[in-house]
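What follows is a single structure, written as structure tokens, with notes after it.
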Protein chains: 2
Amino acid sequence: MSDGYFPPGAERLGVSVDVVIFSLREADLKVLLIRRAAPPFKGKWAIPGGFVHPPESLDDAALRELGEETGLRDVYLEQLYTFGAPKRDPRGRVITVAYFALVSDDAPARAGDDAAEAAWCSVSALPELAFDHAEILNYALRRLRYKLEYTSVGFDLLPNEFTLTELQTAYEIVLGEKLDKRNFRRRILDAGVLAETSRQREGEGQGRPARLYRYKKNAVTEIKARRLFP
Amino acid sequence: MSDGYFPPGAERLGVSVDVVIFSLREADLKVLLIRRAAPPFKGKWAIPGGFVHPPESLDDAALRELGEETGLRDVYLEQLYTFGAPKRDPRGRVITVAYFALVSDDAPARAGDDAAEAAWCSVSALPELAFDHAEILNYALRRLRYKLEYTSVGFDLLPNEFTLTELQTAYEIVLGEKLDKRNFRRRILDAGVLAETSRQREGEGQGRPARLYRYKKNAVTEIKARRLFP
DNA sequence: CCAAAAGTGTTGGTTTTACACCCATGG
DNA sequence: CCATGGGTGTAAAACCAACACTTTTGG
């Protein structure tokens, strides 16, 4: 650190990133939690996270944490909010920059260094959490639901190719309400963000096979934000 | 700091807050800038901000900075985003939590400690800025415009009592487009967030005097976010 | 041929936009 | 009495919500 001018009164603080990782599994919205292997809050469940290393950006730190817990890199990741109450960490002054990530259900969960255990927990049955992580998680959930209505972030919860019914189910799980099939399809198709493939979902039990779609990345997402699912 | 467990690898970083303070003045959207009195970027214009003191929360630090520059406390203040590129501050590793504030045009601007000068600058004619402050300001402006369309944040740019034309003009300045008078009035009145006072704007030159309104604070702002001004 | 899931249009109600004239006051 | 800004309604278009049957496949 080249801090020739660093003001003497400017104390440095601990800075961590915490990543709320959402995924749809077993027809439920789940979040990846770890059981803390070290104090403070040893044995308690927590959102995965860790301290920012000096040479890396905040986004890089979040990506690193995400990689350590899931092995994934190419997922939706967005900065959420920075939490900085003075007593939020009993070790001293630590602020945390919270992120949220969306991964599809083929992502594994592996325990990182300071975790004894990692598990996907349903957001509707969360254990007691360390630090202010309950607040962070709540905030992330609100933001996810909000974004789902206005943007096309929903695709990031699904694998590359998916059927319209799978997409609708994803929306229904996250929003916690049933949607009308015909209106849903009209809307999503009219929005022009899906490309239809020539392939179909095969070998999925009974019924007529469904066409597979892909999300068009190029789709302009920031036109003049119109609500996608009112 | 009671850091019995503080991990040795966890280096601490400089943490600052920067507050983008918007105000409507001279029929233009302005932002409060200070001219830096000390290195780095001495003599360059910058967004007001400073280091977070260990015992204060981030919000408190932002309020403190706001108070130092404007003497105000009771204004709209919202956390924006945290910027943390490794080289954003030449002194070393400093991340900054950016806030944005809205003040009405009776707010003064006074130079704080580390400012040689403070001035309200039109967002359409900004000088070159220190650090990554141009990026921060851009981000704040996008967020302000966005919020104005969806929420009732616009009232915070006006004094306590205002006429509908003043409110409409505020929206037009920030959004940078003309709005239809009848549709504007219908929308804002139907939204039920205004209380009409029995008073009128007096002594304002010519024409019929306009009724004064107040913003109803209690108004539920988070119903099911419907766009206020499409 | 039966069960299961995919796929597909229409209508009525609501919301949004575009648009032009009369009113109250001060000089 | 005129100039200035305040205040008001309506009609056409776009959008949204509700709703049920036919198609394709596997067993």
Side-chain angles (χ1 to χ4, degrees), chain A residues 24 27 148-152 158-159 161-173 175-214 223-230, chain B residues 24 27 148-152 158-159 161-173 175-214 223-230:
Chain A
L24 295 174
L148 201 64
E149 292 188 325
Y150 284 96
T151 72
S152 37
L158 294 175
E161 298 195 333
F162 48 85
T163 69
L164 292 182
T165 302
E166 286 163 1
L167 183 60
Q168 178 174 351
T169 305
Y171 272 84
E172 288 176 343
I173 290 171
L175 298 178
E177 57 182 314
K178 283 272 176 227
L179 301 172
D180 178 87
K181 181 157 68 157
R182 281 174 290 189
N183 291 340
F184 180 86
R185 283 164 187 244
R186 187 189 6 266
R187 268 205 183 74
I188 203 84
L189 292 175
D190 288 358
V193 294
L194 291 193
E196 132 182 337
T197 71
S198 54
R199 296 166 28 78
Q200 297 188 316
R201 173 73 71 220
E202 289 173 29
E204 293 290 316
Q206 280 142 323
R208 174 171 170 178
R211 159 148 276 144
L212 288 166
Y213 289 79
R214 259 180 318 100
I223 328 105
K224 183 81 167 163
R226 267 257 152 240
R227 196 151 181 190
L228 217 47
F229 295 102
Chain B
L24 294 174
L148 200 64
E149 293 189 323
Y150 284 98
T151 71
S152 38
L158 295 175
E161 298 195 333
F162 48 85
T163 70
L164 291 181
T165 301
E166 286 162 2
L167 182 61
Q168 179 174 351
T169 304
Y171 272 84
E172 288 176 342
I173 290 171
L175 298 178
E177 58 182 315
K178 283 273 175 227
L179 301 172
D180 178 88
K181 181 158 65 157
R182 279 174 291 188
N183 292 339
F184 180 87
R185 283 163 187 245
R186 186 187 9 262
R187 266 207 183 72
I188 204 83
L189 292 175
D190 288 357
V193 295
L194 292 193
E196 130 182 340
T197 71
S198 54
R199 295 166 28 77
Q200 296 188 316
R201 173 73 73 219
E202 286 173 31
E204 292 291 314
Q206 282 141 323
R208 173 173 171 182
R211 159 148 277 144
L212 288 166
Y213 289 80
R214 262 181 317 99
I223 327 106
K224 182 79 166 165
R226 266 260 151 239
R227 194 152 180 190
L228 217 47
F229 296 102

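The sequence lines fix the lettering, A, B, ..., with proteins before strands; numbering per chain opens at 1. Quick note: numbers below take in every heavy atom, side chains included, and nothing from hydrogens, waters or symmetry partners.
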Provide, to the nearest angstrom, the distance between the [atom1] atom belonging to [X] and the [atom2] atom belonging to [N].
X         : N       : atom1 : atom2 : value
Leu189(B) : dG6(D)  : CG    : C1'   : 13 Å
Asp190(B) : dT14(C) : CG    : P     : 15 Å
Arg211(A) : dT23(D) : CZ    : C1'   : 14 Å
Arg201(A) : dG26(D) : CZ    : P     : 15 Å
Leu212(A) : dA6(C)  : CG    : P     : 11 Å
Gln206(B) : dC1(D)  : CD    : P     : 18 Å
Gln168(A) : dA5(C)  : CD    : P     : 14 Å
Lys178(A) : dA17(D) : NZ    : C1'   : 18 Å

* To do: Check for a donor-acceptor pair, side chain of Glu172(A) on one end and backbone N or O of Leu179(A) on the other, with a separation under 3.5 Å.
  =>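 Yes, Glu172(A) side chain to Leu179(A) backbone: donor-acceptor pair under 3.5 Å.
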Quiz item: Is it true that a side-chain atom of Glu202(A) and a backbone atom of Pro209(A) form a donor plus acceptor pair closer than 3.5 Å?
Solution: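 Absent.
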Closest nucleotide among [options] to the [X] side chain:
X         : options                  : result
Lys181(A) : dG7(C), dT16(C), dC16(D) : dG7(C)
Arg186(B) : dA6(C), dC19(D), dA18(C) : dA18(C)
Arg187(A) : dC16(D), dT4(D), dA5(C)  : dC16(D)
Asn183(A) : dT8(C), dA17(D), dG7(D)  : dA17(D)

query = Starting at the 5' end of DNA chain D and moving along, which residue's nearest nucleotide shows up first, Thr165(B) or Pro209(A)?
reply =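 Final value for this comparison: Thr165(B).
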*Pick the nucleotide of DNA chain D nearest each of Gly207(B) and Tyr213(B); which residue has the one closer to the 5' end?*
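Its nucleotide being nearer the 5' end, the pick is Gly207(B).
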Checklist entry - Under 6.0 Å from the CZ atom of Arg214(B), do we count more than 12 heavy atoms belonging to anything else shown? => result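 It does not: Arg214(B) CZ has 12 such atoms or fewer within range.
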With a 6.0 Å cut-off (strictly less than), is the heavy-atom count around CZ of Arg201(B), excluding the residue itself, greater than 12?
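More than 12 heavy atoms, drawn from other residues, nucleotides or ligands, come within 6.0 Å of this atom.
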Can you tell me whether the side chain of Arg182(A) and the base of dA20(D) have a donor-acceptor pair closer than 3.5 Å?
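Under the 3.5 Å cut-off, the side chain and the base do form a donor-acceptor pair.
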Only one of Val193(A), Leu189(A), Thr197(A), Leu158(A) forms a side-chain contact (heavy atoms from CB on, under 4.5 Å) with Tyr213(A), so which one is it?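 That would be Leu189(A).
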Next on the checklist: Please compare Glu166(A) and Asp180(A) by the position of their nearest nucleotide in DNA chain C and report the one closer to 5'.
Outcome noted: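 Its nearest nucleotide being more 5', the pick is Glu166(A).
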5′-ward residue of the pair Arg208(A)/Gln200(B) relative to DNA chain C
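Mapping each residue to its closest nucleotide by heavy atoms, the 5'-most match is Arg208(A).
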Open item on the list: Using a heavy-atom cut-off of 4.0 Å across all strands, would you classify Arg185(B) as base, sugar-phosphate, or nothing?
Closed with: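 Here Arg185(B) touches the bases of the nucleic acid.
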